[in-house]
Every structure is written in structure tokens, then in C-alpha cells.
Amino acid sequence: MAGDSKFLDSLRYDPRFNVRLDGPTDPDGGCVLYWMQRAQRAIDNHALDAAIRLGNELGKPVVAFLALMPSFPRANLRHFHFLIEGLPDLAAGLRKRHVGFLLRSWPHHPLLTVCEELRPSIVIGDENPLREPERWRQKVAAEIRVPFWTVDADVVVPSRLLLKQQYAARTIRPRIHARLAKFLVPSENPVAKKQWKRPRNLVSLSPEDDLMARWKIDRSVGPVSSFHGGTSEALRLLDEFISVKLLDYADQRNHPEVDGTSRLSPYLHFGQIGPQTIALAVRKAKAPAAQKEAFLEELIVRRELAINFVRFNPDYDSIEGAPGWALRTLADHANDPREVLYSEKQLENAEPHDPLWNAAQKQMVLTGWLHNSMRMYWAKKILEWTRSPAAAVYVPLRVHDQKAPAGH
């Protein structure tokens, strides 16, 4: 039991918090360490807020640690460029909250090595339902020597409250709406009372450094000019959306020929802005209620339905993850004749006979973005043009994740 901390004890049964390794905080520790990964922002970040409040209670400084590693699944130059563009905003935001920033790059990235150097009293991390990041957290919990808690910081309603996989928006919607009053509230964004003094011999990079030096990564997919990473850019896009696009969102969102969407998906993906920030701003906006409700349905209900799927379905990235009725239907039509079959390379090069599909593929490759309606059309056509449903799942996962600026 973390009996030395009233704050931790108060969070023990909070559904946003996950006690991965329990125990008392180390009274001789030099800081509270926040292992930042999914929530790369200094505002409206539940994990960062918890670390600061705990540091203030213990009289310890707070250090946010972010490590860049080239081996993240399907990551490439386009993704890392977007992430790194957001680091100056992150560093500036942490300074405003008197939080130290420790930035490292592969091969000097392991959290356990940092713990040996800093000797923290406790480590706070953020949750990530994807298979590989969850494996990292389990490994840390098995080897770390101080308490380790993680925080569900990138959803409005904590994912564990939904208990199991929800199969449709109609099943998850009432469960989320019933909890919005409790969880969709402004953050306090506390400031650390004790500033961290970085030891002279402690290695930490700067956002301006060449953070990908010597990395062996896929550089065939380059950065795009249509998106620039960072919390300040995300807030600018949010302000633009609320001022202009929100007024007709419900009517314009399904028209790919119209610029009627927020374009905030990449920033949500990297945690450079959180859904709480966006939802509260939309709620306050001077716009018709129907327009605001339509957007919040997409931002909260539909987005958290997808996160719920990943959290509770171990086969989320394969055909085996489909519900039984879908698998039966696909099996019934597995031997249906295909008018034409295309290889993965032909699809990637936008060579099919369908000019609309090719336009969508080219837009994604060149700009890193694709309207949601077009993305659904793009994905569904692949089932017609590949030999099996399994292939039809694999191809868009690989091609889409590679081209989009943030896998959005």
C-alpha cells in the first residue's frame, strides 16, 4: 500500500489510474518521474497532472521523460518528423509548469536506465492499449524497483469502465453519456512547487538536436507540408474549426470536396492535444447545439469505441478480430469471383482501374491526409481487389499507417 501518500491512496480506486506495481514511494528518491509516451502535451494531461500533484505532496521535483526509438511498429520518417516538430511546444509547456524535461533518443532510451540514474520516488506513466506499448509497460512493472502507476490520459471516459468490447456506437454511447458529467471537466493544470535541477553529468537532448541521427528507419515516406506538429498548431486548428467549420459541421463533414473537418486526428494520435481540450472548447462555442453534438459524437463516442476495440480485442489488427457474424459472411463469400485482383504494390502505386480510388490513394501519399468518407471507400474497395479477407485487412493496415502523418 502507498500509505505514505494520501493523494495516491485517494486515486487507488479511480478508474483512470492503473496500479502496475504497488508499494510505498521511496522517501530518498530525487523526483517524481513521468514516463511520457502517448500523451505528448503539457496541458490537460491527466498523467502529468497526477505526477505534479504527487510531487507537490512529497516535496519532490517532477521530471517528464520522453524517449524516441526507431523500432516503433510501422513508424517512418513522416511520423517521426511530425512528432519532433511538436517537441519545442512540449518543452516550453513543461517549463511553464516548472517540470523538468529529459529527452533521449535510441540507443539511450530505456526507462529502467533512467531510473537508475535519477532514482525517482515513483514512476507515473500513461496508458496505451496497443500490443507493443502494453508489453513495454508490463516489462517495466516486472523489473522496476519503485511504484509504477499508469494513467488513462487520452480518453474522456476511462476505458476500464466499459468493462468489455462494445460492438457498436449504439451500445457504447449510453455508457459514455452517463459518465460525461463526471469526467468531462476542466483540468486544474497544477504547477510544480519544486523545480528540478538537472545534474551536470546527466545526458539530455534538445528538441533542436538531430534526434534521428544514425537511425535506420523507412525514409521512403517523407514529411508533408500540409501538417505541422505541435500543441500550438493543434490549438490554432481547433480555434479555426470552432470559428468557421463547426457552424455547418453536421452538414459538411461527409462531403470530401469541402474542407469541413477539424483535421485534428494527427494531433490526437500523438497526444499533442487531448480530447478533453477539444470537447470543452466545442461545448463553449457559439454554434447550434446540433452541430456541436454531431462533432462530439465523432470525437468522444466514435473515437472511444475504436479505443475500446483495441483494448478489449486481442486480435484488433487481424481478420480474427472481426465479430462472428462478419466472419461468417466473409466465409460465405470467400470464393466469390473477383473481377480483378491487384497486388499490394499496384495498390500502393495507385494503379487500379478506379480513378476515384487512385485519387484517394495519391492524396494520402502526397498530403498525408484523407477524408473519412473517402477513407472508408478506399478501404472497402480493397476487399473486392484482393484474394482473401485476411489480405484485405493487412494491406490497408500497412499502407495506410505508413502514409498518414500519424496513422490517423
> Between Y316 and R131, is there a cation-pi geometry (under 6.0 Å to ring centre, at most 45° from the normal)?
Replying inline: yes

> What residues, two or more places apart in sequence or in another chain, satisfy side-chain hydrogen bond (donor to acceptor under 3.5 Å, both in side chains) together with R104?
Replying inline: E117

> What distance do F82 atom CZ and E85 atom CD have between them, rounded to the nearest 0.5 Å?
Replying inline: 7.5 Å

>> Under a 3.5 Å distance rule, please check whether H228 uses its side chain to pair with a backbone N or O of S225 as donor and acceptor.
In response: yes

> Is the backbone N or O of V155 less than 3.5 Å from a side-chain atom of R16, with the two atoms forming a donor-acceptor pair by type?
Replying inline: yes

> Which atom names give the shortest non-hydrogen contact between M36 and L66, and what distance separates them?
Replying inline: O-CD1, 3.1 Å

>> Is it true that S220 and D218 share a donor-acceptor pair across their side chains at a distance under 3.5 Å?
In response: yes

> So R12 and W149, side chain to side chain contact (heavy atoms under 4.5 Å, CB included) or not? Walk me through it.
Replying inline: CA-CA 10 Å; R12 185 167 300 280; W149 293 45; 4.0 Å; yes

> To the nearest 0.5 Å, how far apart are CD1 in I273 and CD in Q40?
Replying inline: 14.0 Å

>> Strictly by ring-ring contact (aromatic ring centres under 6.0 Å, His included), give each pair with a member in residues 274-298 just once, sequence neighbours left out.
In response: F241-F295, Y249-F295

> Do S105 side-chain atoms and L211 backbone N/O form a donor-acceptor pair below 3.5 Å?
Replying inline: yes

> Could you state the interatomic distance from CG (L161) to CG (N308), rounded to the nearest 0.5 Å?
Replying inline: 11.5 Å

> Residues in salt bridge (charged side-chain N to carboxylate O under 4.0 Å, His left out) with D89, at least two apart?
Replying inline: none

> Closest approach of I307 and S159, non-hydrogen atoms and distance?
Replying inline: CG2-OG, 4.0 Å

>> Atom CG of residue position N335 - does it have more than 12 heavy atoms of other residues, nucleotides or ligands inside 6.0 Å?
In response: no

> What distance do F148 atom CZ and I124 atom CD1 have between them, rounded to the nearest 0.5 Å?
Replying inline: 8.5 Å

>> I'd like to know if the side chain of D152 reaches the main chain of P158, judged simply by a donor and an acceptor atom lying under 3.5 Å from each other, with no hydrogens or angles considered.
In response: no

>> Run the side chain to side chain contact (heavy atoms under 4.5 Å, CB included) test on Y34 and I52 for me, step by step, so that the C-alpha distance in whole Å, both residues' side-chain angles and the decisive distance to 0.1 Å come before the verdict.
In response: CA-CA 9 Å; Y34 168 36; I52 292 174; over 6 Å; no

> Can you list the steps and then say if I319 with L330 is a side chain to side chain contact (heavy atoms under 4.5 Å, CB included)?
Replying inline: CA-CA 10 Å; I319 191 65; L330 291 169; 3.7 Å; yes

>> For the backbone of L103 and the side chain of S204, can you confirm whether one donor and one acceptor N or O come within less than 3.5 Å of each other?
In response: yes

>> Restricting to salt bridge (charged side-chain N to carboxylate O under 4.0 Å, His left out), what partner residues turn up for E57, sequence neighbours left out?
In response: none

>> Could you walk me through whether D154 and R41 satisfy the salt bridge (charged side-chain N to carboxylate O under 4.0 Å, His left out) test, starting with their C-alpha distance in whole Å, then the side-chain angles of each, then the deciding distance to 0.1 Å, before giving a yes or no?
In response: CA-CA 11 Å; D154 262 17; R41 61 185 181 275; 2.8 Å; yes

> Rounded to the nearest 0.5 Å, how far does CG of L94 lie from CZ of F101?
Replying inline: 6.0 Å

> Going through the checks in order, is the side chain to side chain contact (heavy atoms under 4.5 Å, CB included) test met by L180 and L296?
Replying inline: CA-CA 11 Å; L180 285 182; L296 293 175; over 6 Å; no

> So F72 and W136, ring pair (Phe, Tyr, Trp, His ring centres under 6.0 Å) or not? Walk me through it.
Replying inline: CA-CA 11 Å; F72 196 89; W136 300 337; 5.8 Å; yes

> Q291 side chain to A250 main-chain N or O, any donor-acceptor pair under 3.5 Å?
Replying inline: yes

>> Is the shortest side-chain heavy-atom distance between T261 and N372 below 4.5 Å?
In response: no

> Between the side chain of H46 and the main-chain N/O of A153, is any donor-acceptor distance below 3.5 Å?
Replying inline: no

> Can you name the residues that form a side-chain hydrogen bond (donor to acceptor under 3.5 Å, both in side chains) with E116, not counting sequence neighbours?
Replying inline: none

> Looking at residues at least two apart in the chain, or sitting in another chain, which of them share a ring pair (Phe, Tyr, Trp, His ring centres under 6.0 Å) with F7?
Replying inline: none

>> Going by the rule salt bridge (charged side-chain N to carboxylate O under 4.0 Å, His left out), which residues pair with R135 if we only count those two or more places apart in sequence or in a different chain?
In response: E132

> What heavy-atom pair brings P88 and E208 nearest, and what distance separates the two atoms?
Replying inline: CG-OE2, 4.2 Å

> Can you find a heavy atom in the side chain of N18 that is under 4.5 Å from one in the side chain of R137?
Replying inline: no

>> For the backbone of N189 and the side chain of S187, can you confirm whether one donor and one acceptor N or O come within less than 3.5 Å of each other?
In response: no

>> Let me confirm one number: the CH2-CG distance from W378 to D354, rounded to the nearest 0.5 Å.
In response: 13.5 Å

>> Just to verify, what does Q165 make a side-chain hydrogen bond (donor to acceptor under 3.5 Å, both in side chains) with, not counting sequence neighbours?
In response: N313

> What residues form a side-chain hydrogen bond (donor to acceptor under 3.5 Å, both in side chains) with T171, not counting sequence neighbours?
Replying inline: Q166

>> Holding to salt bridge (charged side-chain N to carboxylate O under 4.0 Å, His left out), I want the full list of residues that pass it with D44, two or more places apart in sequence or in another chain.
In response: none

>> Is it the case that the side chain of R179 and the backbone of R175 share a donor-acceptor pair, with hydrogens and angles ignored and the cut-off at 3.5 Å?
In response: yes

> Hey, is CZ on R160 packed in by over 12 heavy atoms from elsewhere, all under 6.0 Å?
Replying inline: yes

> I217: what forms a side chain to side chain contact (heavy atoms under 4.5 Å, CB included) with it, not counting sequence neighbours?
Replying inline: P70, L77, F80, M212, W215, R219

> So do the side chains of T386 and Y394 get within less than 4.5 Å of each other, counting heavy atoms only?
Replying inline: no

> Among pairs that include at least one residue of residues 237-254, which meet salt bridge (Lys or Arg N to Asp or Glu O under 4.0 Å), considering only residues two or more places apart or in two chains?
Replying inline: R236-E240, E240-K245, K245-D259, R253-E298

>> Check the orientation of W385 and W357. Use parallel for under 30°, tilted for 30 to 60°, and perpendicular for over 60°.
In response: perpendicular

>> Looking at D126 and A39, would you say the former's side chain and the latter's main chain have a donor-acceptor pair under 3.5 Å?
In response: yes

> Which one of R387, K380, K381 satisfies the salt bridge (Lys or Arg N to Asp or Glu O under 4.0 Å) criterion with E384?
Replying inline: K381

>> Does R20 form a salt bridge (charged side-chain N to carboxylate O under 4.0 Å, His left out) with E127? I'd like the steps, not just the answer.
In response: CA-CA 11 Å; R20 292 180 177 264; E127 287 273 289; 2.8 Å; yes

